Number of protein chains: 2
Amino acid sequence: MKEASRLAVLKAVEELHYRPNVIAQSLLSQSTGCIGVICAQDNINQTTGYLYALEKHLSQHQKHLLLRFANSKTEVLHALDELTCGLCDDVLVIGARFPLNISHENVILVDCVDVDSSNSIQFDHAFAAETACNYLIKQGRRQIAVINPDSCGSVEQILLGYKRALENNFLPFNRNLIFMDSTSSSVALQVLLNNSTTLNFNALLVADEQEAQRIIPQLQAFNKSVPQDIMVFSLAGSLHLPGIPTIPAIEYSMDAMAARIVAWLTEKTKSALGSNVLRGDLIIPDMAGRK
Amino acid sequence: MKEASRLAVLKAVEELHYRPNVIAQSLLSQSTGCIGVICAQDNINQTTGYLYALEKHLSQHQKHLLLRFANSKTEVLHALDELTCGLCDDVLVIGARFPLNISHENVILVDCVDVDSSNSIQFDHAFAAETACNYLIKQGRRQIAVINPDSCGSVEQILLGYKRALENNFLPFNRNLIFMDSTSSSVALQVLLNNSTTLNFNALLVADEQEAQRIIPQLQAFNKSVPQDIMVFSLAGSLHLPGIPTIPAIEYSMDAMAARIVAWLTEKTKSALGSNVLRGDLIIPDMAGRK
DNA sequence: CTGTTAGCGCTTTCAC
DNA sequence: GTGAAAGCGCTAACAG
């Protein structure tokens with residue numbers, strides 16, 4: 001081959017801005033490099049962390065993030081249908097609080113409820129609750145109440161970790177401090193406050209920071225100062241927004257989660273997932289920070 | 001054709017879960033239905049609103065949202081490169097605060113600075129500032145300060161609307177109340193507060209709610225109550241989070257924006273954009289709400 | 001080492 | 001009416 005013609009081709013490539021068509025490549029390779037991400041969590045503000053971490057990791061592996069939102073099983077299945085016709089190599093479903101019963105080869109369930117499938121990544125809520133209680137007990141809070149909405153699906157796990165921490169600290173278990181099946185967290189809080197003289201609770205575990213921010217003003221309205229009288233602990237993340245004081249929380253590393261997911265997607269061996277539970281980090285408020 | 005064989009085929013389709021391969025279809029039609037969305041805003045929490053509205057509208061038109069994040073011109077161009085090799089029919093760049101100089105046929109710039117291209121949708125900041133000032137003046141606030149970070153790129157527009165409102169209300173313009181080129185909004189605020197006895201300002205326009213939540217505690221630290229002493233107004237959206245009191249704001253309808261974008265994408269005529277500026281709604285805090 | 005060919009899964013066209 | 005064939009843009013495997 002003449003060097004001249006080689007250069008001529010390269011020059012033409014340059015000048016005509018030739019870009020090999022990835023669709024034609026995909027047709028042959030039977031893989032598009034697209035990963036569908038179906039966000040099913042009810043609080044869409046929580047998706048940002050997931051998406052940012054996921055996109056960062058996916059693009060590093062030449063993969064594309066195809067985003068969908070879905071709020072019910074029907075919507076998830078519909079989205080799944082549209083994405084698995086050759087468009088996406090794999091699909092993630094994130095944060096579904098309704099049972100899905102999906103056990104497809106190429107679908108990974110992340111932080112979903114009612115998971116029987118092995119293709120899933122779950123947060124270790126038992127570990128979170130245990131850490132939370134141990135922290136609170138070390139802070140001198142021995143009467144820890146728990147308010148967890150019915151829908152969270154991590155009820156048993158949270159209770160497990162809660163009891164484990166109490167046992168390890170030789171503390172008695174009081175059923176009246178636990179509100180796991182309440183439809184409204186506000187009602188649960190009212191019951192707690194109405195019985196506060198006998199219950200005498202000084203710490204409160206809630207499902208997430210959003211919940212905490214709803215509950216804290218209610219506590220204050222009943223002359224309970226936070227965290228002096230009642231220390232409120234979020235079992236899933238803090239918001240880190242200006243104007244909102246930090247509360248102690250368990251925070252799950254979105255980066256760690258994304259790394260695991262991408263490892264699974266690229267290696268396609270179940271062992272890549274390692275354990276399929278992810279443990280969160282304990283975040284304690286900066287005492288020197290804002291009041 | 002025999003009816004029996006027709007049914008046999010349909011039955012086989014059903015049983016084998018046959019799904020026509022969209023990639024093969026794309027190769028022929030030269031269109032994938034994928035719309036690349038490059039989020040370039042520094043505050044990733046702002047992306048959620050865009051993404052949710054966009055995905056909703058796109059999926060209604062059988063289009064897919066391919067998400068990327070980019071924080072610099074280099075990253076945006078790199079993402080653009082990867083998406084325009086046949087994968088995406090069109091690409092949106094959202095919220096870039098750095099000049100891009102892109103005027104590609106299939107790229108729409110949304111809420112980006114320094115836009116010369118006609119393929120863009122901008123927020124009407126002049127209109128926002130004018131509405132804000134008119135509202136504040138009607139609330140009895142005639143000394144309106146403005147703090148706007150340099151990077152926002154809407155400086156002239158905001159000043160335009162500000163002056164227009166003042167003129168229409170026969171109020172004098174005071175240059176000392178305007179901080180448009182300050183690197184730090186905190187420094188600008190300090191200058192304002194140091195001169196507060198002579199300036200006597202009773203309202204403050206800030207770029208967005210995030211900024212407002214940074215500034216409000218600083219005002220309170222100087223014994224300025226909000227909104228009694230100083231009414232803080234956000235020129236771009238409010239957060240609507242529990243635990244954060246609502247402040248008056250201009251809020252842009254993500255739904256309206258998404259609808260316009262999808263109209264442009266589907267009709268592919270510039271007229272579909274209508275005007276390429278989008279005006280925001282005035283949001284006033286619910287006085288009956290939290291303190 | 002270079003050049004040709006077949007075929008990825010589909011749709012459109014053209015011939016029967 | 002139904003059925004065969006061409007071709008979308010690319011890369012594999014093959015033949016020269």
Side-chain angles (χ1 to χ4, degrees), chain A residues 1-36 38 58-66 68 77-91 104-107 265-268, chain B residues 1-36 38 58-66 68 77-91 104-107 265-268:
Chain A
M1 186 179 65
K2 276 173 286 185
E3 186 67 9
S5 45
R6 208 180 67 88
L7 289 173
V9 168
L10 287 172
K11 193 181 164 193
V13 164
E14 194 74 355
E15 284 181 4
L16 299 170
H17 301 109
Y18 169 79
R19 318 244 54 211
N21 187 321
V22 288
I23 292 303
Q25 291 175 319
S26 297
L27 185 58
L28 192 65
S29 66
Q30 299 285 42
S31 114
T32 58
C34 288
I35 309 296
I38 303 176
L58 287 174
S59 65
Q60 276 170 6
H61 290 77
Q62 283 78 253
K63 294 200 175 292
H64 302 284
L65 194 163
L66 232 144
R68 301 236 28 186
L77 293 179
H78 180 236
L80 218 48
D81 228 44
E82 289 190 10
L83 297 179
T84 50
C85 304
L87 227 194
C88 292
D89 298 340
D90 300 282
V91 177
H104 191 287
E105 167 89 10
N106 299 318
V107 179
L265 292 173
T266 47
E267 303 182 24
K268 276 287 186 184
Chain B
M1 186 180 67
K2 274 173 288 183
E3 185 67 10
S5 43
R6 208 181 67 87
L7 288 172
V9 169
L10 286 171
K11 193 181 164 192
V13 164
E14 193 76 354
E15 284 179 4
L16 300 170
H17 301 108
Y18 169 79
R19 316 243 54 211
N21 187 321
V22 289
I23 293 304
Q25 291 176 319
S26 297
L27 184 57
L28 193 65
S29 66
Q30 299 285 44
S31 115
T32 59
C34 288
I35 309 297
I38 302 177
L58 287 175
S59 64
Q60 276 170 7
H61 290 76
Q62 283 77 253
K63 295 201 174 292
H64 302 284
L65 194 163
L66 233 144
R68 301 234 31 183
L77 293 178
H78 180 237
L80 218 48
D81 229 44
E82 288 189 10
L83 296 179
T84 51
C85 305
L87 227 194
C88 291
D89 298 340
D90 300 282
V91 178
H104 190 287
E105 166 89 10
N106 298 319
V107 179
L265 293 173
T266 47
E267 302 182 25
K268 276 286 186 184

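Sequence lines set the chain letters: A, B, ... in the order given, protein chains first and strands last, and positions in each chain run from 1. Quantities reported herein were computed from a predicted structural model and do not represent experimental measurements.
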Subject >> Pair pattern of DNA chain C in dot-bracket, where unpaired bases get dots and | marks partners in another strand, Watson-Crick or G-U under 3.5 angstrom >> reply: ||||.|||||||||||
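In this structure, the side chain to side chain contact (heavy atoms under 4.5 Å, CB included) partners of A:H104, at least two apart in sequence or on a different chain, are A:I102, A:N106, A:V107. Scored by the side-chain hydrogen bond (donor to acceptor under 3.5 Å, both in side chains) test, B:H61 finds no partners at all (sequence neighbours excluded). With sequence neighbours excluded, the residues that form a side chain to side chain contact (heavy atoms under 4.5 Å, CB included) with A:T84 are A:V91. A:D89 is linked by a salt bridge (Lys or Arg N to Asp or Glu O under 4.0 Å) to nothing, counting only residues two or more places apart in sequence or in another chain.
Rounded to the nearest Å, the gap between the P atom of C:dT2 and that of D:dG9 is 26 Å. Comparing the P positions of D:dA6 and C:dT5 gives a spacing of 14 Å, expressed to the nearest Å.
The separation between B:L87 atom CG and D:dG9 atom C1' is 14 Å, rounded to whole Å. For the pair A:I23 CD1 and C:dC8 C1', the interatomic distance rounds to 13 Å; values are reported in whole Å.
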**OP:** Using the side chain to side chain contact (heavy atoms under 4.5 Å, CB included) rule, take B:C34 and A:L87 through it: C-alpha gap first, then chi angles, then the decisive distance, then the call.
**Re:** CA-CA 10 Å; B:C34 288; A:L87 227 194; 4.1 Å; yes
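In the region residues 27-34 of chain A, proximity to DNA chain D at under 4.0 angstrom, judged on heavy atoms, holds for A:L28. Within residues 12-19 of chain B, the residues approaching DNA chain C are B:Y18, B:R19, by heavy-atom distance under 4.0 Å.
Across B:S59 and A:R68, no two heavy atoms sit closer than the pair CB-NH2, 3.0 Å. Contact record, B:T32 with B:H64: O-CD2, 4.3 Å, taken as the closest heavy-atom pair. Shortest non-hydrogen contact noted between A:C88 and A:G36 is SG-N, 3.5 Å.
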Show me the side-chain donor-acceptor pairs of residues 18-25 of chain B shorter than 3.5 Å, one per line, residues at least two apart or across chains.
{"residue": "B:R19", "atom": "NH1", "partner": "A:D81", "partner atom": "O", "Å": "3.3"}
{"residue": "B:R19", "atom": "NH1", "partner": "A:D81", "partner atom": "OD2", "Å": "3.2"}
{"residue": "B:N21", "atom": "OD1", "partner": "B:I23", "partner atom": "N", "Å": "2.7"}
{"residue": "B:N21", "atom": "OD1", "partner": "B:A24", "partner atom": "N", "Å": "3.3"}

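Here the CG atom belonging to A:L7 is positioned 12.0 Å from the CD atom belonging to A:E14, to the nearest 0.5 angstrom. The structure places CD1 of A:I35 at 9.5 Å from CG of A:L66, a figure rounded to the nearest 0.5 Å.
Residue A:Q25 places at least one side-chain N or O closer than 4.0 Å to OP1 or OP2 of D:dT11.
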